[in-house]
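Taking it in order: structure first as structure tokens, then the write-up.
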Amino acid sequence: MTSIVKFEGVWGVGDETPHCYLLTVDDFTFLLDCGWDEKFDKSYIDRLTKILPKVDCVLISYPDPLHMGALPFLVGKGQLSCPVYATIPVFKMGQMFMYDWFQSHHNYDLVEHFTLDDVDTAFELITQVKYNQSIPMRGKGIGLNISAQPAGHMIGGSIWRILKDGEGDIVYAVDFNHKKERHLGGCELDKITRPSLLITDSFNFSYRQERRRHRDEKLVAQLQETCRNGGNVLIATDTGGRVLEMTHMLEQMWSTRESGLSAYSLAILSNTGYHVIHFAKQMIEWMSEKLTKAFDSLRTNPFSFKHLKFCHNLTDLSRLPSPKVVLASFPDLECGYARELFVQWATNPKNTIILTSRTGPDTLARRLIDNPSIRTFKLLEKRRVKLEGVELDEYYRQQREKEQHEHRIKMEEVESSSDSEGEEGLEAGKHDIIVLYEKAGTHSMFRSRKHHPMFPFHEEKVRSDDYGEFINLDDYDIAAMREENKENLELQMPYEEEEIMEMEEAPTKCVSQTVTVRVTAQVLFIDFEGRSDGESIRKIVEAMHPLRVILVRGSQTDLQAFAQNIRSMTKAKVFTPSLGEIVNASMESHIYQVKLAESLVSSLVLQQAGRDVEVAWVDGTVSFPTENTDENIEESERQVISSENQLDSEMPTLSVVPPEEAPYHDPVFINDVRLSEFKQVLSRAGISSEFNAGILWCSNGTLALKKQDSGGISLEGPLSADYYEIRELLYQQYAIL
């Protein structure tokens, strides 16, 4: 039976950058990536939240925000709880990406979309897999298997293959890179031949890349020129993906004496830069064959850097001597240290700003790439400052009130729980004497029924939490201790006063202002995206020769041109869906889904047609739903509609036909019964039979069983008790409709 495959683009269709798609195979739904843009588009999250309840599995291709940025939000706010699959490097580097992304926004703005706890909770759902590891699905996905293939582009990047038993495979491949790089090997997508469905993008279809040698020479020349003139270089890159290729290359340049770059400072400025390189040292087996062999033979780790310095804030960076080359996150210049350094360094004509990636539309980096001649523009500058004066006093007052309120609530809960503890059978009598009342049926014959007076006794109950006792935070108030006992505090704590205040994380607020930035520094775009170019993509798709192709992410011109190119090369059926459009990409175009009417379901006569299969013949009529002419429904609500509602509204209904109107049909035999096997059935039933000229003769040659050309078996002979017995045995082997 051919699977019914449906595809919907939640994001990443057209010229949009992040990836997020919905793929349904029969009743099992995959969410292919769940990226988010640089500006946290709210309308996208609204669309994604609507289809979230029917997602059964999430597949993550790369660790950057463009492929998994919305995962913390979906888990923390959207209550996503289905399995999530990613390779081991994507898991580790994805955490670094999300930590850095959150902290980069938190440093100057409020982050309302997710917290660090949401990040940790999201990554607890991820199942880490290896390349070529087959993972069977469960529940509704029985019979489906997924596996990750190397994709290049970033460490651990994956091309996902979805296979169903007895059918072709579905390949999801976006942002792949077939070229071998310094730290990564290329993908091997062309080795997957004739997939039933290929989902890929056309982002680079009309893009022509510069040769790697020319690109590297251009970068080295620019670094030498800027540093020798006394300027600094900012290289805007990501957190834990393409930055590995650049750091490995720059370390080699600094180690080469002929380059003359070793006299200058080389630094990486990121919230998680140290941990990214530390994880890279542990994942050499996920990198190129050249690095793996060098590590095995020389026992030298290519990411044990001698010249690269790690800086976690601008203060650390200021301690390095100038001129200096700094790799800072993020490449879009919308947040992070890269944006702060750009504002500081763009006004100096000696400096150079190098952009390494074509980010999403309307980002600062994209504006600079599309308009290289722009020299003056307005920029919204945000920063986080410490509270002072009246604001600081008001903050501490609110905190004290909040702590007192929480403490009061806890005490009330403990008192109510302790008061409700069992004191059954105890009653306060006269003069505070506790009188014990015995319940009926609880005393024995040896126990006296006489009541014994007890002297009053008051037991003080200890108020405690789950760990022993409640902690009064005022007893550990460092500010109060400092005023009461300054001398003892100085002897006990080796930290300076300023360091103590930093450890306490002084309260802050976010302020913003519009500033005019005059760009006098040189701004260059040098491609370090690590994606296959248009010519290579065409050759790879031609070598694969897919039967169905779905194209996503790219301008309308590139989408239509690439679709026409694929049709001419492979004769494949190509789809270019728009946002929210549901595409039926099933192999058999004559297969349709219908809803069964309740009257039809109740009238079915099911027959066994195998070990776990039952079939029934249906005579019915198909009726299509009438169009909804409700003028009160807004056009926006019609466009942003979930797949499930759309399918229900457009799916035809199969209703039963009255028996008197049902047409006559010849018997249909289900299952292929062999005469040799049926001879054994007859033998077990005590009926003698023998073959002669391909005919199985039974009952002393009076009944004949013949194989028909249509695949059925005919029984010929006089009507007798043996005839009806043999026919009954034959019906048990067949399901006859």
Side-chain angles (χ1 to χ4, degrees), residues 62-64 87-97 100 130-131 150-158 176-188 212-213 215-217 219-220 223 233 235 237-270 272-312 324-329 331 354 356-357 526-531:
Y62 303 97
D64 60 331
T87 60
I88 297 173
V90 169
F91 175 85
K92 292 184 178 294
M93 294 302 180
Q95 281 184 310
M96 299 301 103
F97 263 106
D100 192 18
K130 298 180 179 179
Y131 285 147
H153 184 51
M154 292 183 183
I155 184 170
S158 305
F176 57 86
N177 186 16
H178 72 289
K179 297 179 181 178
K180 294 183 179 180
E181 297 185 289
R182 286 180 171 84
H183 83 296
L184 288 180
C187 72
E188 298 178 350
R212 195 179 82 171
R213 180 181 175 183
R215 180 201 66 185
D216 295 348
E217 291 177 351
L219 176 63
V220 173
L223 296 180
V233 180
I235 303 177
T237 183
D238 59 20
T239 300
R242 300 302 304 166
V243 68
L244 298 181
E245 176 74 10
M246 301 197 65
T247 52
H248 182 61
M249 181 191 68
L250 293 177
E251 178 69 19
Q252 290 181 335
M253 293 180 180
W254 255 252
S255 301
T256 305
R257 182 176 301 178
E258 291 77 10
S259 66
L261 293 172
S262 58
Y264 311 114
S265 301
L266 175 64
I268 178 171
L269 179 60
S270 170
T272 58
Y274 174 82
H275 300 284
V276 166
I277 303 302
H278 176 71
F279 287 140
K281 294 178 183 178
Q282 302 174 352
M283 295 185 291
I284 301 299
E285 71 273 13
W286 292 85
M287 299 184 186
S288 64
E289 185 178 357
K290 181 179 179 181
L291 287 188
T292 305
K293 289 182 177 179
F295 178 76
D296 292 340
S297 59
L298 303 177
R299 309 306 298 175
T300 56
N301 198 304
F303 287 91
S304 295
F305 297 139
K306 297 180 180 179
H307 301 89
L308 183 69
K309 307 298 181 184
F310 297 97
C311 299
H312 301 287
K324 46 196 167 189
V325 177
V326 182
L327 293 93
S329 57
I354 297 179
T356 60
S357 178
I526 301 179
D527 183 6
F528 276 91
E529 293 177 340
R531 297 188 181 96

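The basis for the numbers below is simple: all heavy atoms, side chains too, and nothing from hydrogens, waters or symmetry mates. Start at 1 with the first residue, then count along the sequence.
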Any side-chain donor paired with an acceptor under 3.5 Å for Asp238 and Ser329?
no
A side-chain contact here means heavy atoms from C-beta on lying under 4.5 Å apart; do [X] and [Y] qualify?
X	Y	result
Leu261	Met253	yes
Leu266	Lys324	no
Lys92	Met96	no
Lys180	Ser288	no
Met246	Leu327	yes
His248	Pro302	yes
His312	Tyr274	yes
Leu244	Val276	yes

Using a 6.0 Å distance limit plus a 45 degree cone around the ring axis, check whether Arg215 lies over the aromatic ring of Phe528.
yes
Heavy-atom pair with the smallest gap, counting every atom of Gly273 and Ile268
CA-CD1, 4.4 Å
Leu184 and Gly152 have their tightest heavy-atom pair at CD1-C, 4.2 Å
Can you tell me if Asn301 uses its side chain to pair, donor with acceptor, with the backbone of Lys281 under 3.5 Å?
yes
Under 3.5 Å, is there a donor-acceptor pair between the side chain of Trp286 and the main chain of Gly156?
no
Using a strict threshold of under 4.0 Å (side-chain N to carboxylate O), is an ion pair present between Arg242 and Glu181?
yes
Looking at Asp216 and Arg182, is any side-chain nitrogen of the basic one under 4.0 Å from a carboxylate oxygen of the acidic one?
yes
Go through it in stages, so that I can follow the logic: the residues are Tyr62 and His153, the test is ring-ring contact (aromatic ring centres under 6.0 Å, His included), and I'd like the CA-CA distance, side-chain angles, deciding distance and then a yes or no.
CA-CA 9 Å; Tyr62 303 97; His153 184 51; 5.0 Å; yes
Could you go step by step and tell me if Leu223 and Trp254 meet the side chain to side chain contact (heavy atoms under 4.5 Å, CB included) rule?
CA-CA 11 Å; Leu223 296 180; Trp254 255 252; 4.2 Å; yes
Which word best sums up how the rings of His275 and Phe279 line up, parallel for under 30°, tilted for 30 to 60°, or perpendicular for over 60°?
tilted
Quick one, Leu308 with Glu251, criterion side chain to side chain contact (heavy atoms under 4.5 Å, CB included). Give me CA distance, side-chain angles, the key distance, then yes/no.
CA-CA 7 Å; Leu308 183 69; Glu251 178 69 19; 4.1 Å; yes
Please say which of Val243, Val326, Thr356 ends up in a side-chain contact (heavy atoms from CB on, under 4.5 Å) with Ile235.
Thr356
